[in-house]
A.B. asks: 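This is the structure, below, for whatever I ask next.
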Amino acid sequence: MCTLRPFTCKDLFRFNKVNFDPLTENYGISFYLQYLVNWPEYCTVAESPSGQIMGYILGKSEGQGEDWHGHVTTLTVSSQFRRLGIAHTLMNELEKISENQKCYFVDLFVRVSNSVAINMYKNFGYSIYRQILEYYAGGSAPHSPPDEDAFDMRKALSRDPQGKTLVAKKKVIKTTELFSN
């Protein structure tokens, strides 16, 4: 059992255990604060009855016209609370907020090597829209992993009943093409 509540600034000092996962992207405090200031309705924590953070989701709404959409920036659940439906609960909350914002779809980016997450998102109704080459930077230090591609996954919302926003013009793009028309 968990309770959903808004992500707050205080949570930045309590969520480290949730981020101890090699596939969880970690950001600087200013990044999290930007989301809390600009899109607070898209920042949600799942909390246990004892007050422990079980997981969280951060997102935003962006785009114009039929590209107006909700975006999942990060979703993570602590390893001890996985397979309890918490990720699904958090995703449902973000989708509900996106519906209220009159978005056409929700999208997210996931590493092509993260088959567990890809399958989870498919089970939630998402499909692979396109592949983004070298989206995740590997690092410049010796023995750093190479850059990695991402899948852009999407789920149409009620404003797009025919799923038009799920049909990509190009199935593979470069990162530089991501925000170009």
Side-chain angles (χ1 to χ4, degrees), residues 2 4-7 11 15 18-19 21 23-27 31-32 34-46 54-77 81-132 135-136 148-173 175 177-181:
C2 72
L4 297 185
R5 64 165 178 78
F7 194 115
D11 294 322
F15 76 153
V18 179
N19 283 353
D21 183 318
L23 294 173
T24 296
E25 297 295 320
N26 288 282
Y27 306 98
F31 182 87
Y32 292 100
Q34 175 187 359
Y35 275 76
L36 290 172
V37 168
N38 292 309
W39 304 282
E41 67 278 13
Y42 277 95
C43 303
T44 304
V45 165
M54 303 166 82
Y56 65 89
I57 191 166
L58 300 179
K60 60 184 175 180
S61 51
E62 61 185 359
Q64 296 178 359
E66 288 187 356
D67 193 44
W68 178 246
H69 65 281
H71 175 74
V72 178
T73 302
T74 187
L75 166 68
T76 190
V77 175
F81 297 114
R82 291 190 182 148
R83 305 225 181 261
L84 299 175
I86 295 168
H88 198 214
T89 300
L90 288 165
M91 289 294 290
N92 284 339
E93 181 70 10
L94 187 133
E95 291 166 12
K96 184 172 75 175
I97 292 163
S98 297
E99 286 279 6
N100 290 340
Q101 295 286 336
K102 303 209 180 324
C103 294
Y104 285 85
F105 62 93
V106 172
D107 79 344
L108 58 92
F109 301 146
V110 61
R111 292 177 183 274
V112 296
S113 65
N114 192 347
S115 59
V116 172
I118 293 164
N119 288 327
M120 177 186 74
Y121 292 126
K122 284 181 177 180
N123 287 333
F124 295 168
Y126 287 76
S127 59
I128 295 172
Y129 176 70
R130 62 186 170 186
Q131 186 169 341
I132 306 164
Y135 180 78
Y136 292 101
E148 186 172 353
D149 297 352
F151 285 134
D152 179 351
M153 298 186 75
R154 290 187 176 189
K155 180 178 182 178
L157 298 176
S158 64
R159 196 158 180 208
D160 180 19
Q162 282 82 39
K164 293 178 184 176
T165 58
L166 304 181
V167 181
K169 293 176 186 162
K170 290 176 72 177
K171 287 293 187 184
V172 179
I173 65 167
T175 304
E177 299 174 84
L178 192 55
F179 300 106
S180 65
N181 294 332

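Only a predicted model underlies this, so the values are computations on that prediction, with no experimental measurement involved. Values below: all heavy atoms of this structure, side chains included; hydrogens, waters and symmetry mates excluded.
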A.B. asks: How close do Tyr129 and Lys169 get, counting heavy atoms only, and between which atoms?
C.D. replies: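 Shortest heavy-atom separation between Tyr129 and Lys169 comes out as OH-N, 4.5 Å.
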
A.B. asks: For residues Asp67 and Tyr104, determine if any side-chain heavy atom of one lies less than 4.5 Å from a side-chain heavy atom of the other.
C.D. replies: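 Result no, sub-4.5 Å side-chain heavy-atom pair not found.
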
A.B. asks: Does any non-hydrogen side-chain atom of His69 lie less than 4.5 Å from one of Arg154?
C.D. replies: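 No, their side chains stay 4.5 Å or more apart.
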
A.B. asks: Under the 3.5 angstrom rule, does the side chain of Glu93 hit a backbone N or O of Leu4 as a donor-acceptor pair?
C.D. replies: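 Looks like no, no N/O pair under 3.5 Å.
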
A.B. asks: Can you name the closest pair of heavy atoms from Ala87 and Leu75 and give their distance?
C.D. replies: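 Heavy-atom minimum between the residues: CB-CD2, 4.1 Å.
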
A.B. asks: Do Tyr42 and Ser98 have side-chain atoms, one donor and one acceptor, less than 3.5 Å apart?
C.D. replies: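 Indeed, the side chains of Tyr42 and Ser98 share at least one donor-acceptor pair under 3.5 Å.
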
A.B. asks: If you take the centroid of each ring, where Trp contributes its six-membered ring, are Phe15 and Tyr32 closer together than 6.0 Å?
C.D. replies: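 Yes: the rings meet the under 6.0 Å criterion.
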
A.B. asks: What is the distance from atom CE of Met54 to atom OG1 of Thr89, rounded to the nearest 0.5 Å?
C.D. replies: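 Taking CE in Met54 and OG1 in Thr89, the distance rounds to 9.5 Å.
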
A.B. asks: Closest approach of Val112 and Ala150, non-hydrogen atoms and distance?
C.D. replies: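 In this case the closest contact between Val112 and Ala150 is CG1-C, 3.9 Å.
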
A.B. asks: Would you name the heavy atoms of Val37 and Pro40 that are closest together and state the gap between them?
C.D. replies: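 So the minimum-distance heavy-atom pair works out to O-CD, 3.7 Å.
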
A.B. asks: Contact between Phe109 and Leu178 at the side-chain level, heavy atoms closer than 4.5 Å - yes or no?
C.D. replies: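 The answer is yes, as the side chains (C-beta and beyond) meet within the 4.5 Å cut-off.
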
A.B. asks: I want to check something: taking the side chain as every heavy atom from C-beta on, are Arg5 and Asp11 in contact at a cut-off of under 4.5 Å?
C.D. replies: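 Sidechains of Asp11 and Arg5: in contact.
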
A.B. asks: Would you check if Phe7 and Ile57 make a side-chain contact, meaning some heavy-atom pair closer than 4.5 Å?
C.D. replies: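 No, their side chains stay 4.5 Å or more apart.
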
A.B. asks: Could you tell me whether the side chain of Thr73 reaches within less than 4.5 Å of the side chain of Phe31, counting heavy atoms only?
C.D. replies: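 Heavy-atom side-chain distance check passes, below 4.5 Å.
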
A.B. asks: Looking at Gly59 and Tyr35, what are the two nearest heavy atoms and their distance?
C.D. replies: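 So the two residues come closest at O-CD2, 3.2 Å.
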
A.B. asks: Drop me the distance from Ser115's OG to Lys122's NZ, to the nearest 0.5 angstrom.
C.D. replies: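 Going from the OG atom of Ser115 to the NZ atom of Lys122 covers 10.0 Å.
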
A.B. asks: Say you draw a straight line from OG of Ser113 to CG of Asp149; how long is it, rounded to the nearest 0.5 Å?
C.D. replies: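 Going from OG on Ser113 over to CG on Asp149, the span is 10.0 Å.
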
A.B. asks: Please report the shortest heavy-atom distance between Ile86 and Ala46, naming the atom on each side.
C.D. replies: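 Taking every non-hydrogen atom into account, CG2-CB, 3.7 Å.
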
A.B. asks: For Phe105 and Asp160, what are the C-alpha separation, side-chain angles and deciding distance, and is it a side-chain contact (heavy atoms from CB on, under 4.5 Å)?
C.D. replies: CA-CA 7 Å; Phe105 62 93; Asp160 180 19; 5.5 Å; no

A.B. asks: Rounded to the nearest 0.5 Å, what separation is found between the NE2 atom of His71 and the CD atom of Glu62?
C.D. replies: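 Nearest 0.5 Å value for the NE2-CD distance: 6.0 Å.
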
A.B. asks: When rounded to the nearest 0.5 angstrom, what distance separates CG in Leu166 from CZ in Arg130?
C.D. replies: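 Atom-to-atom, Leu166:CG and Arg130:CZ are 12.0 Å apart.
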
A.B. asks: Is Lys164 paired with Glu66 through a side-chain N to carboxylate O contact shorter than 4.0 Å?
C.D. replies: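 Salt bridge flag = no for Lys164 with Glu66.
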
A.B. asks: Is any side-chain heavy atom of Tyr121 closer than 4.5 Å to one of Met91?
C.D. replies: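 Yes, their side chains come closer than 4.5 Å.
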
A.B. asks: Please report the C-alpha distance between Arg82 and Val116 in whole Å, then the side-chain angles of each, then the deciding distance to 0.1 Å, and finally whether the side-chain contact (heavy atoms from CB on, under 4.5 Å) criterion is met.
C.D. replies: CA-CA 12 Å; Arg82 291 190 182 148; Val116 172; over 6 Å; no

A.B. asks: I'd like to check Leu90 versus Thr44 (side-chain heavy atoms, cut-off strictly below 4.5 Å). Are they in contact?
C.D. replies: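 With C-beta onward as the side chain, the pair touches.
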
A.B. asks: Rounded to the nearest 0.5 Å, how far does CH2 of Trp39 lie from CG of Leu94?
C.D. replies: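 Here the rounded value is 12.5 Å.
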
A.B. asks: Any salt bridge (charged side-chain N to carboxylate O under 4.0 Å, His left out) involving residues 99-108? Give me the pairs, sequence neighbours left out, ordered by first then second residue.
C.D. replies: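 Found none.
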
A.B. asks: Pair Thr74, Tyr27 - check side-chain contact (heavy atoms from CB on, under 4.5 Å), show working.
C.D. replies: CA-CA 10 Å; Thr74 187; Tyr27 306 98; 4.3 Å; yes

